[in-house]
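Worksheet: the structure to be examined is printed underneath.
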Amino acid sequence: MAFGKFLLKRTLQGVLVVWGVVTVLFGLRAITPGDPVNLIVDPAVDQATRDRIREELGLDQPIYVQYADYLQDLLVGDLGYSYQSSRAVSTMVIERVPATLELAIAATIVALVIAIPLGVISGTRRNDPVDYGATSFSLVGISTPNFWLGIMLILLLSVNLDLFPTGRRPVALHDALWMFLTTFYIGDLLTWLHHIILPAVTLGTYFTALITRLTRSGMLDEYGKPYVTATEAKGIPETLVRYKHVLRNTMIPIITVLGLQLGTLIGGAVVTETVFSWPGLGLRLIGAINNLDWPLIQGIIIFVGISYVIINIAVDAIYAKLNPRVLDE
């Protein structure tokens with residue numbers, strides 16, 4: 001299969017996934033009890049006013065008409081207006097994206113900085129105490145719930161030892177970077193780093209454990225292949241064999257998982273953002289759910305779904321370039 005055809009096929013599959021998400025969300029909204037008008041006006045408001053608002057929102061139309069109108073609005077990027085704040089949902093989503101992306105990327109960096117070296121050492125020193133330590137860490141990291149780890153880190157490092165703040169985001173990363181680049185003032189950057197360490201460690205622990213395990217198993221698989229023996233027989237130094245040949249081949253599945261997990265981190269930051277009051281999409285989604293603000297709930301989940309699909313398509317494209325045999329599968 002040609003690469004263009006492969007990419008088109010993946011894109012069409014992604015569109016179907018997004019359509020499925022949109023449809024399920026609309027169905028949930030339709031069957032959820034409660035009158036959305038009560039979120040917009042006081043329940044004591046007269047019936048005529050309530051009927052007028054319902055008509056303006058299109059809630060007086062049959063459900064299939066509402067569904068068609070919603071799809072039509074989505075196609076032009078209109079996510080509607082929040083019932084509670086009356087603000088455009090697209091604006092409310094976009095203004096929270098940077099905080100969530102900062103957290104997801106920071107968690108990914110934490111994971112890669114720890115997981116790759118740990119997995120390499122573990123894979124090259126099998127049955128060594130370091131290997132046992134790495135595999136134990138992987139098991140604990142995968143088994144530990146995010147919310148529990150976050151609360152424990154807050155109690156230990158914030159409340160008892162007073163080493164880190166309990167959460168919040170006093171300055172955005174782009175503002176801190178701009179300040180540093182224009183004035184060489186590093187204070188804001190350090191403040192941002194100080195506040196994001198605990199949320200990033202909490203969100204990235206599972207990811208770290210997963211990548212450590214993948215790297216270790218990949219290294220063990222590669223070391224059993226004839227090309228490694230042949231390379232070593234040529235007298236090439238062990239370190240060069242390990243990092244230039246073995247680790248490079250191990251990285252292909254890790255890159256795939258890395259891309260998929262980045263999408264998962266964006267969507268899965270809900271719990272971590274809530275525990276640390278990190279002002280991202282997850283925290284806003286929890287607020288919208290508590291208030292049954294359906295336009296905002298739909299907008300955030302659709303955005304996360306589209307992001308996940310785009311990342312998946314990008315990962316598939318990269319993987320197909322690295323391993324052209326995928327195109328024929």
Side-chain angles (χ1 to χ4, degrees), residues 77-79 81-82 85 87-115 146 150 153-154 157-158 163-208 211 255 258-288 296-297 299-315 318:
D78 183 2
L79 295 173
Y81 289 84
S82 164
S85 67
R87 297 176 62 204
V89 169
S90 55
T91 302
M92 297 180 72
V93 171
I94 290 172
E95 67 188 11
R96 290 297 183 100
V97 170
T100 297
L101 279 180
E102 288 173 17
L103 183 55
I105 292 172
T108 304
I109 292 173
V110 167
L112 291 180
V113 167
I114 297 173
N146 270 4
L153 289 177
I154 289 174
L157 300 179
S158 298
L163 295 176
F164 294 96
T166 55
R168 298 187 303 106
R169 177 174 170 260
V171 60
L173 177 60
H174 57 85
D175 290 334
L177 283 175
W178 178 252
M179 181 65 75
F180 175 70
L181 292 174
T182 54
T183 66
F184 297 106
Y185 175 68
I186 199 170
D188 285 352
L189 202 55
L190 293 177
T191 299
W192 174 84
L193 188 63
H194 195 208
H195 280 76
I196 202 171
I197 285 178
L198 288 191
V201 169
T202 301
L203 185 60
T205 296
Y206 173 85
F207 195 25
T208 305
I211 297 296
I255 289 173
L258 179 65
L260 298 176
Q261 286 297 316
L262 181 58
T264 305
L265 288 179
I266 293 174
V270 175
V271 174
T272 304
E273 289 183 1
T274 303
V275 171
F276 289 94
S277 296
W278 189 260
L281 285 172
L283 191 60
R284 176 149 282 176
L285 176 62
I286 293 297
L296 188 53
I297 295 172
I300 293 173
I301 296 179
I302 289 171
F303 175 83
V304 172
I306 291 174
S307 302
Y308 192 80
V309 166
I310 291 174
I311 290 172
N312 268 277
I313 293 173
V315 170
I318 294 171

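For the side-chain contact (heavy atoms from CB on, under 4.5 Å) test, residues two or more places apart in sequence or in another chain that qualify with Ser307 are Phe303. With sequence neighbours left out, the ring pair (Phe, Tyr, Trp, His ring centres under 6.0 Å) criterion links His174 to no other residue.
Note: Ile105 CD1 to Leu173 CG = 8.5 Å, rounded to the nearest 0.5 Å. If you take CD1 on Ile186 and CG on Leu177, they are separated by 10.0 Å, rounding to the nearest 0.5 Å. A distance of 10.5 Å separates CD1 in Ile94 from CG in Leu281, rounded to the nearest 0.5 Å. Atom-to-atom distance recorded for Trp178:CH2 and Leu189:CG is 14.5 Å, nearest 0.5 angstrom. Leu296 CG to Leu79 CG: the interatomic distance, rounded to the nearest 0.5 Å, is 9.5 Å. Separating the OG1 atom in Thr108 from the CG atom in Leu101 is a distance of 10.0 Å, to the nearest 0.5 Å.
Just one of Ile313, Ile311, Ile306 meets the side chain to side chain contact (heavy atoms under 4.5 Å, CB included) condition when paired with Val309; it is Ile313. For the side chain to side chain contact (heavy atoms under 4.5 Å, CB included) with Trp278, the qualifying choice from Thr100, Leu103, Leu283 is Leu103, the only one to do so.
Contact check for Trp192 versus Asp188: no side-chain heavy atoms found under the 4.5 Å cut-off. Side-chain contact between Phe276 and Ile154 is present, with at least one heavy-atom pair separated by less than 4.5 Å.
The minimum heavy-atom distance linking Gly280 with Glu273 is given by the pair C-OE1, 3.1 Å. The heavy-atom pair separating Val171 from Asp175 by the smallest distance is CG2-CB, 4.2 Å. Contact record, Ala106 with Ile196: CB-CD1, 3.8 Å, taken as the closest heavy-atom pair.
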Report, one line per pair, each donor and acceptor closer than 3.5 Å where one atom sits in a side chain of residues 198-205; sequence neighbours left out.
| unit_1 | atom_1 | unit_2 | atom_2 | d |
| --- | --- | --- | --- | --- |
| Thr202 | OG1 | Leu198 | O | 2.8 |
| Thr205 | OG1 | Val201 | O | 2.5 |

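Among pairs with a residue in residues 189-206, none fulfils salt bridge (charged side-chain N to carboxylate O under 4.0 Å, His left out), at least two apart in sequence or across chains. Residue pairs satisfying the salt bridge (charged side-chain N to carboxylate O under 4.0 Å, His left out) criterion with at least one member in residues 96-108, sequence neighbours excluded, are listed as follows: Glu102-Arg169. Sorted by first and then second residue, the salt bridge (charged side-chain N to carboxylate O under 4.0 Å, His left out) pairs involving residues 274-288 (not counting sequence neighbours) are Glu95-Arg284.
Listed for the Ser158 side chain is a donor-acceptor partner under 3.5 Å among the backbone atoms of Phe164. For the pair His194 (side chain) and Leu190 (backbone), a donor-acceptor distance under 3.5 Å is absent.
Counted within 6.0 Å of OH on Tyr81, heavy atoms from surrounding residues, nucleotides or ligands total 12 or fewer; the atom is thus considered open.
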